[in-house]
Structures are given as structure tokens and as C-alpha cells.
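Quick notes on the structure that follows.
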Amino acid sequence: MEADTRWMRNAADDCDATANGIRKLLTEADDAVETLNRAAAGFDLLGGQVELSRRFELLNKLLRDELEEAAENIRFCASKHDGNENFVTETWHALTH
């Protein structure tokens, strides 16, 4: 059975790209909070947005960490598959020649 390690590495790259996209949401969220703070100056709801922002940042980090770990694991597996394939090929060649 042959693993498609190119596909695996592309999937890892997709995980990295998604993590970067999620990271960029932090800037958009910060901009939205600033807009809200200006628009709602003096209202009680501003205390709640601090907690909401904190939770969003934690969730954002959790998602990025999970995606980055998945990318690392996929790349590790692809590398191991390539190594195993090379070992089998070299061993077969040594036994038959």
C-alpha cells in the first residue's frame, strides 16, 4: 500500500493556511471592539465585551494550536511513510541483486 505523501503535505499546508486565516481574525475582532467602544461610550455593555474578547482570543489560539499540531503530525507521518518506502525499496533491491 502506498501513501500519497504529496497529498499529505498539501493537507498540512492547508492546515497552516487555515491557522493563519484564523490568526488574522484577531485584527478584525480588535477593530470591531474599537468601533464598538467608540459607538457605545458610556453604556454598561462595554464590560461584557472585555470578557467576550478574552474568550475569542482563547478560542482563536486553541484553534490555531490544534491546526498547527495537526500540520506537524501530518508532515511527520508523510516523512515516516517516505522513509519506510525507501527502506523497503532498498531492502528489496539488496535482496534481489
Side-chain angles (χ1 to χ4, degrees):
M1 182 172 107
E2 185 176 333
D4 187 348
T5 57
R6 182 182 310 167
W7 179 89
M8 293 169 76
R9 288 185 176 88
N10 287 338
D13 290 344
D14 290 344
C15 288
D16 289 337
T18 302
N20 286 332
I22 289 171
R23 180 179 291 110
K24 290 177 184 177
L25 293 174
L26 289 172
T27 301
E28 295 175 23
D30 287 342
D31 292 346
V33 167
E34 287 179 24
T35 300
L36 178 62
N37 286 340
R38 285 192 305 273
F43 287 93
D44 289 337
L45 64 94
L46 294 180
Q49 69 72 310
V50 171
E51 179 63 18
L52 183 61
S53 293
R54 187 186 70 77
R55 288 181 180 191
F56 178 75
E57 289 171 4
L58 290 173
L59 177 60
N60 187 288
K61 181 168 178 8
L62 173 69
L63 290 171
R64 286 184 287 122
D65 289 348
E66 291 293 324
L67 286 164
E68 289 164 2
E69 182 178 355
E72 288 176 20
N73 290 339
I74 292 168
R75 286 188 182 97
F76 177 79
C77 289
S79 178
K80 288 297 183 185
H81 276 293
D82 284 341
N84 289 342
E85 192 70 28
N86 290 340
F87 173 76
V88 169
T89 300
E90 290 169 7
T91 302
W92 179 255
H93 188 281
L95 291 173
T96 59
H97 291 93

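Here, residue 1 is the first one in the sequence, and each next residue gets the next number. Only heavy atoms go into these numbers, but all of them, side chains included; no hydrogens, no water, no symmetry mates.
- The nearest pair of heavy atoms linking Ala78 to Thr5 is O-CG2, 3.5 Å.
- Contact record, Asp16 with Ala71: OD1-CB, 3.4 Å, taken as the closest heavy-atom pair.
- Between Leu52 and Arg55, the closest side-chain pair of non-hydrogen atoms is not below 4.5 Å.
- Annotation: the span from Glu72 atom CD to Cys77 atom SG amounts to 12.0 Å, rounded to 0.5 Å.
- The OG1 atom of Thr91 lies 6.5 Å from the CG atom of Leu95; values are rounded to the nearest 0.5 Å.
- The distance from atom CG of Leu36 to atom CG of Asp31, rounded to the nearest 0.5 Å, is 12.5 Å.
- In this structure, the separation between CG on Asn60 and OG on Ser53 is 11.5 Å, given to the nearest 0.5 Å.
- Closest approach of Arg75 to Asp13, counting heavy atoms only: NH2-OD1, 2.7 Å.
- Considering all non-hydrogen atoms of both residues, Leu26 and Phe56 come closest at CD2-CE2, 3.9 Å.
- Atom NZ of Lys80 and atom CE of Met8 lie 12.5 Å apart (nearest 0.5 Å).
- The pair Arg54-Glu57 does not count as a salt bridge, with every side-chain nitrogen at least 4.0 angstrom from each carboxylate oxygen.
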(message) Evaluate Arg6 against Asn10 for side chain to side chain donor-acceptor pair (under 3.5 Å), listing each step before the verdict.
(response) CA-CA 6 Å; Arg6 182 182 310 167; Asn10 287 338; over 6 Å; no

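- No option in Asp4, Asp82, Asp14 other than Asp82 meets the side chain to side chain donor-acceptor pair (under 3.5 Å) test with Arg9.
- In terms of hydrophobic clustering, with Ile, Leu, Val, Met, Phe, Trp and Tyr side chains grouped at heavy-atom distances under 4.5 Å, Trp7 and Ile74 are assigned to a common cluster.
- Under the 4.5 Å side-chain contact rule for hydrophobic residues, Ile22 and Leu59 share a cluster.
- Within the model, atoms CG of Leu25 and CG of Asn20 stand 11.0 Å from one another, a figure rounded to the nearest 0.5 Å.
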